[in-house]
Asker: 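Below you will find the structure I want to go over with you.
Lettering of chains follows the sequences in order, A, B, ..., and the numbering in each one begins at 1. Remember, it's a predicted structure, so these values are computed and weren't measured experimentally.
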Amino acid sequence: GAVVSQHPSWVICKSGTSVKIECRSLDFQATTMFWYRQFPKQSLMLMATSNEGSKATYEQGVEKDKFLINHASLTLSTLTVTSAHPEDSSFYICSAETRSGETQYFGPGTRLLVL
Amino acid sequence: DAKTTQPPSMDCAEGRAANLPCNHSTISGNEYVYWYRQIHSQGPQYIIHGLKNNETNEMASLIITEDRKSSTLILPHATLRDTAVYYCIASNYGQNFVFGPGTRLSVLP
């Protein structure tokens, strides 16, 4: 199957700082990528849909000014958590959709801990 | 996306077939059935998907009922490494996935 990577795999930061997470599709091009968040013992929750060359679409309740998404190429989308607070600590997972839209392949996730 | 319902947990003996059911009684005609699994602290792994015909790949088989209101994922010879949370999702092409709580499969030695 297709491979999606995320970097970093885990990050610890101080409250008030910003953290950037990269999502790359390694062997296919993805016009659409999705960003999910997963809190302990919960399922994945969609945060936003990222389309190459256009603005991201955010789910209700997700602050677009806090979670900045950039999808500058067909293989890279980035999520920046600005002014991170402890409640932003979570497991952030991206997925990349195949060009046909047939399915999504997920990255390994990035665990964020804000102190 | 149509809502799916899965049992919260299941056990399976190592080496036996694991049959994971999913109910999607409100699925629409152009929605596919997708199965993913998530092993602890990892991103979801794609398993298989189908529209109305049964599908098989190197990981699993997907059996979809004729009325498409339910499906079963079959892992033919479960191993300890198959212990994971399995998600059944009904979705159109190009749409975001809505994840439910899934089924926690425990493969027992």
Asker: Side chain from CB out, backbone as N, CA, C, O: work out which of these in A/S100 comes under 4.5 Å of a heavy atom of chain B, or both, or neither.
Answerer: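 Contact with chain B is through the backbone of A/S100 alone.
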Asker: At a 4.5 Å cut-off on heavy atoms, which part of B/Y32 comes close to chain A: side chain, backbone, both, or neither?
Answerer: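 Neither part.
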Asker: Against chain B, label A/T103 side chain, backbone, both or neither, depending on which of its atoms sit under 4.5 Å from a heavy atom there.
Answerer: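 Contact with chain B is through both the backbone and side chain of A/T103.
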Asker: Go through the atoms of B/Q45 and report whether side chain, backbone, both or neither lie under 4.5 Å from a heavy atom of chain A.
Answerer: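 Neither the backbone nor the side chain of B/Q45 comes within 4.5 Å of chain A.
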Asker: I'd like to know whether CZ of A/R111 has more than 12 heavy-atom contacts from other residues, nucleotides or ligands below 6.0 angstrom.
Answerer: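 More than 12 heavy atoms, drawn from other residues, nucleotides or ligands, come within 6.0 Å of this atom.
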Asker: Does A/Y58 use its side chain to pair, donor to acceptor, with the backbone of A/F67 at less than 3.5 Å?
Answerer: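 A pair under 3.5 Å: yes.
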Asker: With a 4.5 angstrom heavy-atom cut-off, which part of A/E102 approaches chain B: side chain, backbone, both or neither?
Answerer: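 Looking at A/E102, backbone and side chain both touch chain B.
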Asker: A/Q38 versus chain B, heavy atoms under 4.5 Å apart: side chain, backbone, both or neither?
Answerer: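 Looking at A/Q38, just its side chain touches chain B.
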Asker: Decide whether a cation-pi geometry holds between B/R37 and B/Y86; the criteria are a distance under 6.0 Å from NZ or CZ to the six-membered ring centre and an angle within 45° of the ring axis.
Answerer: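 No, cation not above the ring by the 6.0 Å, 45° rule.
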Asker: Heavy-atom distances under 4.5 Å only: say whether A/I93 touches chain B with side chain, backbone, both or neither.
Answerer: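 The side chain, not the backbone.
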Asker: Can you tell which of A/E97, A/K41, A/Q104 has the highest number of heavy-atom pairs within less than 4.5 Å of chain B?
Answerer: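 Top count of heavy-atom pairs under 4.5 Å with chain B: A/Q104.
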Asker: Would you say that more than 12 heavy atoms from the other residues, nucleotides or ligands in this model lie under 6.0 Å from the NE2 of A/H85, or not?
Answerer: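 Check passes, neighbour count above 12.
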Asker: Going by the ring pair (Phe, Tyr, Trp, His ring centres under 6.0 Å) test, name the single residue among B/Y87, B/F99, B/F97 that passes it with A/Y36.
Answerer: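 The residue from B/Y87, B/F99, B/F97 that satisfies ring pair (Phe, Tyr, Trp, His ring centres under 6.0 Å) with A/Y36 turns out to be B/F99.
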Asker: Surrounding CE of A/M45 (heavy atoms of other residues, nucleotides or ligands, distance under 6.0 Å), is the total greater than 12?
Answerer: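 Open: at most 12 neighbouring heavy atoms sit under 6.0 Å from CE of A/M45.
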